[in-house]
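Values in this document were obtained by computation on a predicted structure and should not be read as measured data. Atoms within a ligand are numbered from 1 in the order they appear, just like the ligands themselves.
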Amino acid sequence: MQKFRFLTAGESHGKALTAIIEGVPAGFSIDEVFINNELKRRQGGYGRGGRMKIETDTVEITSGVRFGKTLGSPITLVIKNKDFENWQKIMSSAAIDECSDKSFTTCRPGHADYAGAIKYGHKDLRNILERSSARKTAIEVAVGAVAKLILKEFGIEGSSKILEIGGQENDFEGAIDRAREEGVTLGGRFEVIYKNLPVGLGSYVHYDRKLDGKIAQIVMSIPAVKSVSIGDGDIAHQVTGREFHDEMFLENGEIMRKTNHAGGLEGGMTNGEDLIVRANMKPIPTMRSPLNTVDLAAMTETSAHFERSDVCAVEACAVVAENRIACALADEFLLKFGGDSLDEIRHQFNFAL
Ligand code: EPS
C-alpha cells in the first residue's frame, strides 16, 4: 500500500536525472527555491570532489504543478547534468557513436562494479558505474523536498547532523585533509530527526506496514550506508528494559516522556516523540591510492580503477537520508489523512486531533 510513490531515471554523466512522483494531492504549494536549496545542501560538505564544482543542481518542474500549486496529477522533476557537455560522445545513446574512452575493466572492491558486471553481463564497467553512482541521489533529494513541502503544511520538520567522521567526533576537517593526502576516503555516522509527527503513522498489523522497517530499507538503500538504527537501537543489547524503555507520565493531562530511547517509534508506529534515525556510511570505494583487485577482461591481478571522486560525502549522505525519510513520512501521512486535496487532508487531520 503506497500513496506517495516515485521512480527515478538517469546516469551520472548522462543528459539529465528525472523523477515522476505519483500520489501528491491537489493544492500543495511547491516552492522551487526550497527544492533548490535542498539540492544545494546535498552538494555541500567538506571533502566533496571536483564534480560538485561543475554542477549547480537546479530542478525543472515539467508537469503536475500550475501557478505554484500541485494539480493532483503526476509531478515530473528534471535535473540537468551540466557535465554531460563533456561526456556527450561517451554517453551517447546512438548505436553509431560507440566510444570506448573512459571504459574500464578493473573493478573497485566495495563498489557495484564486480557484481553488476556478472549480473548484467557488461564488459565495460562504465555501464555499471553510471547508474550505481551516488549522483542519482540528487534527484532523490528533489523528490524528498516535495515530500518535505507536504509535511511542512502540517508543521512536521526534519533536520540532520554529522555525529562522527572517520572515528572523529570533532576534528572532521583535519581527518578529511589527512585522508585526502593519503589518497584514501572516510565514512562516518549521522543522525536525522523529524519533529511534530502525529501519533500513529505506520502500523503494527503487518510486517510491511511497520514504519521502522520502511525507514531502515530506505536508509540502507542510500549508496555506501552499511547500518541503520532507530533511537538508541545501537545500545539496546547492552541495557535492561528498565533503562531502555521510555516511561510515561502526565503533565496537565498530557502524556509525556522523560526519555526517547525508542526514537519515536513503538510497534512500527510513530508515538508522538521525535523520530530519530542514525546511520553509518562506509568510506567511498573509489580511491586515489587504490586497492588490489582483478582486471575482469585480462583476468590478472592489478590495482582498482580510480576516477574523480569524493574523499568524504557523509554530510551529503545525511541530507539524502533526511529527504528520503521525508518520502516515507509523507506517504504514511497521506495514507492516514489522505484525500484528493490539501483542504480534505487538513479537515481529516484536524478531525483526528
Ligand atoms: C556525485 C557525483 C559523482 C561523484 C560521486 C557523487 O560525480 P563524478 O563521478 O562525475 O565525480 O562525485 O559519486 C561517487 C562517489 C560514487 O561512488 O558514485 C554526486 O552528485 O553526489
Quick check: do Phe34 and Leu39 have side-chain heavy atoms less than 4.5 Å from each other?
no
Between the side chains of Asp124 and Asn127, is a donor N or O closer than 3.5 angstrom to an acceptor N or O?
no
Residue list, salt bridge (charged side-chain N to carboxylate O under 4.0 Å, His left out) with Asp234, at least two apart or on another chain
Arg189
Pair Lys136 + Glu140, salt bridge at N-O below 4.0 Å:
no
Answer yes when Glu191 and Arg278 have at least one side-chain N-carboxylate O distance shorter than 4.0 Å, and no when they do not.
yes
Quick one: ligand 1 N/O to protein N/O pairs below 3.5 Å?
unit_1, atom_1, unit_2, atom_2, d
ligand 1, 7 (O), Arg51, NH1, 3.3
ligand 1, 10 (O), His13, NE2, 2.6
ligand 1, 10 (O), Arg51, NH1, 2.9
ligand 1, 10 (O), Arg308, NH2, 2.6
ligand 1, 11 (O), Arg308, O, 3.4
ligand 1, 11 (O), Arg308, NE, 3.0
ligand 1, 17 (O), His111, NE2, 3.3
ligand 1, 18 (O), Ser133, OG, 3.3
ligand 1, 18 (O), Ala134, N, 3.0
ligand 1, 20 (O), Arg42, NH2, 2.8
ligand 1, 20 (O), Arg135, NH1, 3.1
ligand 1, 21 (O), Arg42, NH1, 2.7
ligand 1, 21 (O), Arg42, NH2, 3.2
ligand 1, 21 (O), Arg48, NH2, 3.3

Between Phe333 and Pro198, the two heavy atoms sitting closest are CE1-CG, 4.1 Å
